[in-house]
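Throughout, residue positions are numbered sequentially from 1 according to the sequence presented.
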Amino acid sequence: MSAWLPTAPCTPQACVEASAAVRARAVPRALLRLSAVLLLLLAGIALTPFGARIPPSLVRRWCRWIVRAAGVRVRITGTAAPTGGLLLVANHISWLDIPLLAAVRPARMLAKTEVRHWPVAGVLAARGKTLFIDRDRLRALPDTVARIAGALREGAAVAAFPEGSTWCGRAQGTFRRAVFQAALDAGVPVQPVRIGYRLGGGTATAPAYVGEDTLLASLWRVATSRGLIAEVEVRAPIPPGGSPDRRALARAAQ
């Protein structure tokens, strides 16, 4: 097993709540939602050459628009993330987690190499200076940690999902330690963020993107759902030196 590639027990069949049969009138609404998401992503691709000139507040708003366009309301609570070099970490449930984390603070994402080949979103990720990792090559681990630390030293924010795999939202994995070494090496704070999805007062698993699920199936579940809420809780940052080693830092962030 790779240090980047733990196994989550969640599967679409066992964990994801199957919605009732989609009503005919829900289909046009879902298609409109997906079209709006696509248009926002294309607009983001078109504006990437001007990325340095775009205010972070506008980027955060654009990320919220993506989630809202998919039919999901967004609630962000907690304190604002600090400026300067920062490692943002969160639990991982859905593809929606990516714009939600960027809505807290725009950052260079740490993502698996497969994301590079996603339609539309892969182009945006590549142009957005995403740090791609080959999770099947353990030998690449030290170089990846060094690249993350370098970006942090330059004052960038780097966003990562240390569980290394998506979970359904009712359960959670263990934060892997490797990415926290980069924060220790660069001497920057760690910003923990907790993400959850709710529907009718309970935990919603429809947004989950787990196991052998396909991106298209997950997109359709979200677009055809009603009343989904994304809850993003920004916890207090862990200052540099707040933990003696990466194991303790990972535990404190989790």
Side-chain angles (χ1 to χ4, degrees), residues 1-10 60 63 74-112 130-131 133 135 141-142 144-197 203 208-210 230-254:
M1 181 189 300
S2 167
W4 295 104
L5 193 58
T7 301
C10 300
R60 290 196 297 268
C63 291
V74 181
R75 293 177 181 169
I76 299 179
T77 59
T79 58
T83 58
L86 179 71
L87 179 64
L88 283 142
V89 295
N91 59 305
H92 202 8
I93 300 170
S94 171
W95 51 272
L96 287 166
D97 302 344
I98 298 172
L100 287 172
L101 202 51
V104 172
R105 179 179 165 184
R108 296 183 65 177
M109 294 298 304
L110 183 64
K112 58 186 180 180
T130 294
L131 295 163
I133 58 173
R135 301 185 302 172
L141 182 58
T144 302
V145 171
R147 285 192 293 126
I148 298 169
L152 294 171
R153 289 191 190 97
E154 292 171 357
V158 175
F161 300 105
E163 289 169 303
S165 180
T166 49
W167 290 64
C168 68
R170 289 179 175 154
Q172 183 175 333
T174 301
F175 278 10
R176 313 291 283 187
R177 303 186 297 271
V179 70
F180 293 96
Q181 186 62 50
L184 291 172
D185 292 345
V188 301
V190 173
Q191 178 70 73
V193 178
R194 182 166 183 83
I195 298 173
Y197 299 91
T203 299
Y209 179 37
V210 294
E231 296 183 335
V232 181
E233 183 183 357
V234 185
R235 302 288 181 89
I238 303 171
S243 296
D245 54 43
R246 61 185 182 181
R247 183 189 300 271
L249 185 55
R251 189 182 305 116
Q254 185 155 14

Give the minimum heavy-atom separation between Q254 and G173, together with the two atoms involved.
-> NE2-O, 2.5 Å

Going through the distances and angles, do F180 and V190 end up as a side-chain contact (heavy atoms from CB on, under 4.5 Å)?
-> CA-CA 8 Å; F180 293 96; V190 173; 4.0 Å; yes

Any donor-acceptor pair under 3.5 Å linking the side chain of T203 with the backbone of R170?
-> no

At what distance, to the nearest 0.5 angstrom, does CZ of R246 lie from CZ of R176?
-> 11.0 Å

Do side-chain atoms of E233 reach the backbone of R194 as a donor and acceptor pair under 3.5 angstrom?
-> no

Quick one: which residue pairs count as a ring-ring contact (aromatic ring centres under 6.0 Å, His included) with a foot in residues 77-103, not counting sequence neighbours?
-> H92-F161

Please name all residues satisfying salt bridge (charged side-chain N to carboxylate O under 4.0 Å, His left out) with R251, sequence neighbours left out, ordered by chain then number.
-> none

Can you tell me how far CD of Q191 sits from CG of L87, rounded to the nearest 0.5 angstrom?
-> 10.0 Å

Steps toward side-chain contact (heavy atoms from CB on, under 4.5 Å) verdict (V188, L86) = CA-CA 6 Å; V188 301; L86 179 71; 5.8 Å; no

Contacts of Y197 meeting ring-ring contact (aromatic ring centres under 6.0 Å, His included) (sequence neighbours excluded), chain-then-number -> none

Candidate pair L110 and T144, rule side-chain contact (heavy atoms from CB on, under 4.5 Å), full reasoning | CA-CA 10 Å; L110 183 64; T144 302; 4.3 Å; yes

Tightest non-hydrogen contact, residues A160 and V179, listed as CB-CG2, 4.0 Å

Between G187 and P240, which heavy-atom pair has the shortest distance, and what is it?
-> O-CG, 3.4 Å

Would you name the heavy atoms of P237 and P192 that are closest together and state the gap between them?
-> CA-CD, 4.2 Å

Counting only N and O atoms by type, is there a donor-acceptor contact under 3.5 Å from the side chain of E163 to the main-chain atoms of I93?
-> no

In Å and rounded to the nearest 0.5 Å, what is the OG1 to CD distance from T77 to E231?
-> 7.5 Å

Salt bridge (charged side-chain N to carboxylate O under 4.0 Å, His left out) partners of residues 88-108, not counting sequence neighbours, each pair once = none

Which residues share a salt bridge (charged side-chain N to carboxylate O under 4.0 Å, His left out) with R153, sequence neighbours left out = none

Would you name the heavy atoms of V145 and A182 that are closest together and state the gap between them?
-> O-CB, 3.7 Å

Would you mind listing every ring-ring contact (aromatic ring centres under 6.0 Å, His included) that reaches into residues 231-254, with sequence neighbours excluded?
-> none

Nearest heavy atoms of C10 and C168, plus distance in Å | SG-N, 3.3 Å

